[in-house]
Amino acid sequence: MTMELRIAPPLQERSAGVRQRWRERRRERQRLARQDRLAAHLAELHRIRALLGDARAVIVSGWVQQGWFTYRDPQGHQRTINAGNLRSIGDRPITGACLVGAIVHAGGGLAAVRSQPVQRALDLTWHTLYGDDREPIRWCPAPPIRSAQVRDLTRWNDEPVRTSDDVVALLDATARAAGAELERARV
């Protein structure tokens, strides 16, 4: 019977190998996390672009000024919904919407008004209308800033000289901006 005696490498050499493997695993986790964030961002941009297309269809079917939505009551009268009576629309089908209302409706209606796709679509629409192309899009502005931006979009929609064609053109430009963001994110 022969016995073999092995001497363990010095502690310093063993810990260097452990550190190296730890660094490699950490780099791989970071790479995968970056890849996951990019995939989520790309999926979100695709969703925003589709939402804007749906909002465009809402505007084409009926555009509203001085209100968010319109619907027909049981007597056949056209009723306008604004911030003061939003809840009265219930589950009635809308017959028209303003710019902001169309985006909200396309994103799932009043229940989805605070959802990320709706909020980001509003952010991108504001940026397309008022932002600087050289500046990055502010995807998550502070609540008071986002509220001010929604007021800006509402005021723009309600200007007397505005037409439904202007609103459709803005939604088309915003969808193109989402496409440009997709291309930038892929690089």
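These numbers were taken from a predicted model, which means no experiment stands behind them. Only this structure's heavy atoms are used, side chains among them; waters, hydrogens and symmetry mates stay out.
Within the structure, ring pair (Phe, Tyr, Trp, His ring centres under 6.0 Å) pairs that include any residue of residues 156-176 do not occur (at least two apart or interchain). Residue pairs meeting the ring pair (Phe, Tyr, Trp, His ring centres under 6.0 Å) criterion with at least one partner in residues 95-134, sequence neighbours excluded, are Trp126-Tyr130. For residues 141-151, the set of pairs meeting the salt bridge (charged side-chain N to carboxylate O under 4.0 Å, His left out) definition, not counting sequence neighbours, comprises Asp123-Arg146.
Every residue was checked against the salt bridge (charged side-chain N to carboxylate O under 4.0 Å, His left out) condition with Arg92, not counting sequence neighbours, and none meets it. Residues passing the salt bridge (charged side-chain N to carboxylate O under 4.0 Å, His left out) test with Arg29: none are found, sequence neighbours excluded. For Gln78, the side chain to side chain donor-acceptor pair (under 3.5 Å) criterion is met by Thr70, Arg72, Thr95, not counting sequence neighbours. Residues forming a side chain to side chain donor-acceptor pair (under 3.5 Å) with Glu159 (at least two apart in sequence, or on another chain): Arg162. Contacts of Asp152 classified as salt bridge (charged side-chain N to carboxylate O under 4.0 Å, His left out), with partners at least two apart in sequence or in another chain: Arg155. Under the salt bridge (charged side-chain N to carboxylate O under 4.0 Å, His left out) criterion, Asp172 pairs with Arg56, not counting sequence neighbours. Scanning for side chain to side chain donor-acceptor pair (under 3.5 Å) contacts around Glu181 gives Arg184, with sequence neighbours left out.
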Identify all side-chain donor-acceptor contacts of residues 45-52 below 3.5 Å with residues at least two apart in sequence or on another chain.
| residue | atom | partner | partner atom | Å |
| --- | --- | --- | --- | --- |
| His46 | NE2 | Arg186 | NH2 | 3.4 |

Please report, to 0.1 Å, the donor-acceptor pairs under 3.5 Å made by any side chain of residues 106-113, with sequence neighbours excluded.
none

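Distance check, rounded to the nearest 0.5 Å: CH2 of Trp139 to CD of Gln116 gives 9.5 Å. Separation of atoms CG (Asp158) and CD (Gln66) is listed at 4.0 Å; rounding is to 0.5 Å. Here the straight-line distance linking atom CG of Leu124 with atom CG of Leu171 works out to 10.5 Å at 0.5 Å rounding.
A distance-only check finds a donor-acceptor pair linking the side chain of Asn157 to the backbone of Val64 [under 3.5 Å].
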